Amino acid sequence: VDEAAVQSYYDMSLKEFQTDEQVRVEYVTFSADALQSQVTVDDGEIKKYYEEHQNEFGSPEQRQAAHILIATVAQASDTDKLAAKAKAEQVLQQVKQSPDKFAELAKQHSQDPGSAANGGDLGQFGPGMMVKPFEDAVFKLKIGEISGLVQTDFGFHIIKLLAVKPAKTLPLIEAKSAITQRIKLQ
């Protein structure tokens with residue numbers, strides 16, 4: 001076989017003579033899990049972290065309230081707002097006469113589709129979960145106390161405070177292992 005025939009076959013059959021690409025690699029494995037066991041954390045660091053991050057180790061005060069809403073829209077005319085306020089004042093008078101019938105009056109009069117069927121009960125909520133005027137009113141009430149009219153963008157509310165779940169902070173001893181883990185990760 002002459003050189004020209006070899007060259008011709010080679011040129012026409014290049015794929016037969018190709019090999020897969022190969023790479024030579026060196027690497028180091030960095031494992032946070034493996035390194036954590038080598039990190040030591042002293043009690044002073046744990047206490048400092050706990051004091052600086054108190055809000056992470058507990059829950060804020062929760063309030064459970066019920067309300068009766070006489071709805072208005074923000075763009076409602078003054079006449080409509082006055083009519084809603086007058087109706088809310090009538091309902092408030094009924095509530096004051098029979099505070100024990102709050103849930104019944106909420107079912108009858110409240111225009112909040114989410115809570116009316118439950119006697120106005122909104123469940124538990126913490127700070128920042130309700131519109132400000134509503135929240136301010138709720139956090140001023142004592143258990144069983146009923147507010148006056150509270151106006152928000154949703155309308156006029158009559159609010160009854162049902163329960164208070166006090167703020168709770170996890171003691172340092174219970175938070176210690178979680179804090180240790182966080183510091184090691186940092």
Side-chain angles (χ1 to χ4, degrees), residues 46-183 185-186:
I46 293 169
K47 186 174 182 183
K48 182 180 177 193
Y49 186 96
Y50 178 78
E51 289 169 355
E52 290 174 356
H53 299 89
Q54 280 283 313
N55 60 333
E56 295 175 24
F57 300 102
S59 58
E61 180 179 293
Q62 300 277 311
R63 297 254 163 156
Q64 182 177 0
H67 77 143
I68 298 171
L69 171 66
I70 306 303
T72 61
V73 290
Q75 309 88 320
S77 68
D78 289 342
T79 307
D80 290 344
K81 285 182 181 178
L82 285 173
K85 185 175 183 180
K87 182 176 180 186
E89 286 172 346
Q90 289 174 350
V91 174
L92 180 58
Q93 289 307 314
Q94 292 177 31
V95 168
K96 285 183 178 180
Q97 289 170 3
S98 305
D100 55 322
K101 293 186 178 179
F102 188 93
E104 188 179 309
L105 291 167
K107 287 178 184 177
Q108 186 179 352
H109 296 289
S110 184
Q111 296 169 340
D112 177 6
S115 70
N118 298 328
D121 192 345
L122 295 166
Q124 288 190 356
F125 54 89
M129 295 179 71
M130 298 290 182
V131 292
K132 184 141 179 58
F134 187 96
E135 183 178 298
D136 289 347
V138 167
F139 278 84
K140 287 178 186 169
L141 294 173
K142 294 181 177 106
I143 295 174
E145 190 176 5
I146 297 170
S147 72
L149 292 186
V150 177
Q151 186 175 4
T152 70
D153 289 342
F154 299 103
F156 296 92
H157 306 263
I158 302 163
I159 306 166
K160 180 176 183 179
L161 183 61
L162 303 175
V164 175
K165 182 179 176 186
K168 181 183 175 191
T169 302
L170 201 62
L172 175 60
I173 194 75
E174 291 178 33
K176 188 174 181 175
S177 65
I179 293 170
T180 304
Q181 187 69 18
R182 290 179 190 182
I183 292 172
L185 281 170
Q186 288 176 357

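Side chains included, hydrogens not; waters and symmetry mates left out as well; all remaining heavy atoms used. What you are looking at is a predicted structure, and each value in this text was computed from that prediction instead of being measured.
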- Item | Taking every non-hydrogen atom, the tightest pair across Asp112 and Ser115 | OD2-OG, 2.8 Å
- Message: According to side chain to side chain contact (heavy atoms under 4.5 Å, CB included), who are the partners of Val131, at least two apart in sequence or on a separate chain?
- Response: Pro133, Phe134, Thr152, Phe154
- Query: How far does CD1 of Ile46 sit from NZ of Lys48, to the nearest 0.5 angstrom?
  - Reply: 13.5 Å
- Shortest non-hydrogen contact from Ala106 toward Gly120: CB-N, 3.7 Å
- Task: Could you tell me whether Asp153 atom CG has more than 12 heavy atoms of other residues or ligands within 6.0 Å of it?
- Result: no
- Between Phe139 and Gly126 the two heavy atoms that sit nearest each other are CZ-C, 4.2 Å
- Task: Taking all non-hydrogen atoms of both residues into account, name the closest pair between Ser147 and Leu92 and its distance.
- Result: O-CD1, 3.6 Å
- Looking only at heavy atoms, which two atoms of Leu149 and Ala88 are closest? And how far apart? CD2-CB, 3.6 Å
- Straight-line distance of Ile68 CD1 to Ile146 CD1, nearest 0.5 Å: 8.0 Å
- Rounded distance [0.5 Å steps], NZ in Lys160 versus CG in Asp121: 10.5 Å
- Tell me, do His53 and Arg182 make a side-chain contact under 4.5 Å, heavy atoms counted? no
- Under 6.0 Å from the NZ atom of Lys81, do we count more than 12 heavy atoms belonging to anything else shown? yes
- Message: Within the supplied structure, the quantity of interest is the number of heavy atoms (other residues, nucleotides, ligands) at a distance under 6.0 Å from Asp78 CG; does it exceed 12?
- Response: no
- Query: Does a side-chain heavy-atom distance below 4.5 Å link Asp80 with Thr72?
  - Reply: no
- Within a strict 4.5 Å, meaning less than it, do heavy atoms of the Ile159 and Leu122 side chains meet? no
- Hey, are the side chains of Phe57 and Ile179 touching, using non-hydrogen atoms and a 4.5 Å cut-off? yes
- Supply the atom-to-atom distance Arg63 CZ to Leu162 CG, rounded to the nearest 0.5 angstrom. 11.5 Å
- Query: What is the minimum heavy-atom distance between Pro127 and Pro60, and which atoms define it?
  - Reply: CD-CB, 4.0 Å
- Listed by chain and number, what are the side-chain hydrogen bond (donor to acceptor under 3.5 Å, both in side chains) partners of Gln90, not counting sequence neighbours? none
- Item | Spacing of Gln62 atom CD and Met129 atom CE [to the nearest 0.5 Å] | 7.0 Å
- Message: Does any part of the side chain of Gln111, heavy atoms only, come nearer than 4.5 Å to the side chain of Ile70, both counted from C-beta?
- Response: yes
- Is the shortest heavy-atom distance from the side chain of Gln93 to the side chain of Glu89 under 4.5 Å? no
- Query: Hey, does the side chain of Glu135 reach the backbone of Gly128 with a donor-acceptor pair shorter than 3.5 angstrom?
  - Reply: yes
- Task: State, with a plain yes or no, whether a side-chain heavy atom of Met130 is found less than 4.5 Å away from one of His157.
- Result: no
- Task: Return each pair, listed once, that meets ring-ring contact (aromatic ring centres under 6.0 Å, His included) where at least one residue sits in residues 70-95; pairs must be two or more places apart or across chains.
- Result: none
- OH on Tyr50 to CD on Glu174, rounded to 0.5 Å: 9.0 Å
